[in-house]
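Report on the structure given below.
What you are looking at is a predicted structure, and each value in this text was computed from that prediction instead of being measured.
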Amino acid sequence: MKKGFILSALTTLSMSFLAGAMAPTPVAHAAGQDIKVWVQFSDETAEGKAWAKVVENFNKKYDGKYKVTTEYIPRSGSGGGYEDKVNAGITTNTLPDVITLDGPNTAAYAKSKVIAPLDDYLADANMDDVLDSIKQQGTYDGKFYAFGFSESNVGIYYNKKMFKEAGIEDSELPTLQKPWTWDEFKAISKKLTDHFKQPAIDFRLNSMDEMLPYAYMPLLWSNGGTVVNEDGTKAQGYFNSKESVEAVQFIQDLVKEGYTTISPVEKGFETGVYPMLLSGSWTINDLNENYKDIEYGILPYPVSNTTKKLVSPSGSWQLAVTEKSEQKEGAAEFIKFATNTESSEIISLGNSVLPIRKTTIANIKDKVSEPMRFLMEQNAATAHARPVVVAYPQVSRAFQQAMQDISYYEENPDVQQVLDQRAEEMQIAIDEALNQ
């Protein structure tokens with residue numbers, strides 16, 4: 001594999017999700033069965049504590065055979081920190097045996113031979129029990145490289161008290177079986193905006209990270225649009241198609257009509273400023289722990305006026321064995337353990353994230369809150385993973401920039417023109433990556 005491709009495909013991850021670089025820290029592989037793992041969160045978080053329990057269980061079961069040790073490398077707000085460390089490890093050949101990676105980056109890591117296929121180790125992993133979205137995001141070129149250890153989904157959080165104050169009846173609210181169309185969503189947003197003299201929703205337009213493509217792509221898919229073709233080789237004619245333009249026009253209209261804002265008050269939903277928030281399953285834990293006075297629920301995604309098809313986002317962080325690990329068998333054994341039914345339950349309940357297995361969903365459906373149960377149901381029925389494309393970091397960045405462009409509607413009133421330009425940028429990046 002050419003070194004140039006690694007620098008263009010993997011180093012570009014830092015361009016998309018982070019800024020700057022950290023000095024590499026050499027990883028000393030102990031003799032025997034010591035398995036080193038890097039994760040992208042802190043040991044002090046709910047996710048870190050759940051992870052520690054999984055590792056503890058593994059080490060007890062395989063005492064004397066394998067021992068997993070974890071290095072916690074939290075990501076910064078801009079996505080830095082962890083990816084800086086991984087990129088440094090790639091260039092200095094100091095990666096551990098197992099790394100975590102975000103779902104859409106599977107193709108770049110696999111094509112660059114940073115991670116190894118897992119297929120030969122999964123004969124007893126009960127893969128039929130694993131959600132299709134997990135298998136989809138971890139597969140590249142017909143091989144399974146990365147195993148998601150949690151799932152995620154996004155919905156419209158709403159403040160029940162504020163809805164009642166604005167005169168919105170429960171009978172007007174959408175359901176998974178009868179979701180709201182874009183026009184119906186705007187009609188309720190207008191009621192809320194007129195009543196509270198504030199934007200109805202924090203639609204997360206100020207995000208400068210992966211949240212934008214992750215949360216907004218379902219709007220395109222609902223209208224029959226997309227970002228790239230099925231093979232991940234073409235963006236032109238897809239991201240700037242009529243269907244995609246109509247979906248992005250809906251987003252721009254929310255800003256133009258005052259239903260959302262490009263500069264929201266921080267924690268505006270949590271503090272009762274905005275009656276709605278576009279966010280994922282991770283917000284449930286924050287609300288339950290830190291904003292207990294807010295009575296909230298979650299509503300489904302708004303759907304295309306034309307198709308009325310409900311689509312929601314999915315995908316999260318995964319585990320992969322590094323190609324140069326000398327402990328591949330033990331590393332793969334740990335990945336299987338960390339993604340089995342019991343471990344999935346520990347991670348889901350401990351960190352308020354969605355399960356990756358059907359058996360886990362059945363086991364915990366009566367142990368979770370109503371909002372979490374709603375997202376589990378929406379995920380199972382309507383989830384759509386982000387595209388598998390080698391140049392995903394560049395595609396993601398161009399998508400984010402397009403959303404920033406259209407949010408400044410006075411300077412960029414023509415959505416078609418914006419998407420034409422950004423689709424061309426995506427295409428150039430895809431062509432360069434495929435030709436390496």
Item to check | More than 12 heavy atoms of other groups within 6.0 Å of D420 CG | outcome: yes
Next on the checklist: Just checking N290: does its CG atom have more than 12 heavy atoms from other residues, nucleotides or ligands closer to it than 6.0 angstrom?
Outcome noted: yes
Checklist entry - If you measure only the distance, is there a donor-acceptor pair under 3.5 Å linking the side chains of Y214 and S152? => result yes
Checklist entry - Going by atom types only, do S244 and S241 share a side-chain donor-acceptor pair under 3.5 Å? => result yes
Next on the checklist: With a 6.0 Å cut-off on the ring centroids, do F239 and F399 count as close?
Outcome noted: yes
Item to check | Working for side chain to side chain donor-acceptor pair (under 3.5 Å), residues N153 and Y301 | outcome: CA-CA 10 Å; N153 201 250; Y301 258 68; over 6 Å; no
Checklist entry - What's the shortest heavy-atom distance between G148 and T339, and which atoms? => result O-CG2, 3.7 Å
Item to check | Interatomic spacing from CD in Q198 to OH in Y259 - rounded to 0.5 Å | outcome: 15.0 Å
Checklist entry - What class does the angle between the rings of Y145 and Y140 fall in, given that below 30° is parallel, 30 to 60° is tilted and above 60° is perpendicular? => result tilted
Item to check | Centroid-centroid under 6.0 Å between F337 and F58 rings | outcome: yes
Next on the checklist: Is the ring pair W51/F41 parallel, tilted or perpendicular, if the boundaries are 30 and 60 degrees?
Outcome noted: perpendicular
Item to check | Heavy-atom side-chain proximity of D102 to R386 below 4.5 angstrom | outcome: yes
Checklist entry - Just by distance, with hydrogens left out, do E151 and S133 show a side-chain donor and acceptor under 3.5 Å apart? => result yes
Next on the checklist: Atom CD of residue position E411 - does it have more than 12 heavy atoms of other residues, nucleotides or ligands inside 6.0 Å?
Outcome noted: yes
Item to check | More than 12 heavy atoms from other groups under 6.0 Å of NZ on K309 | outcome: no
Item to check | Under 3.5 Å: donor-acceptor pair, side chain of T175, backbone of K178 | outcome: yes
Next on the checklist: With side chain to side chain donor-acceptor pair (under 3.5 Å) as the test, pick out the partner of N229 among T233, D231, T226.
Outcome noted: T233
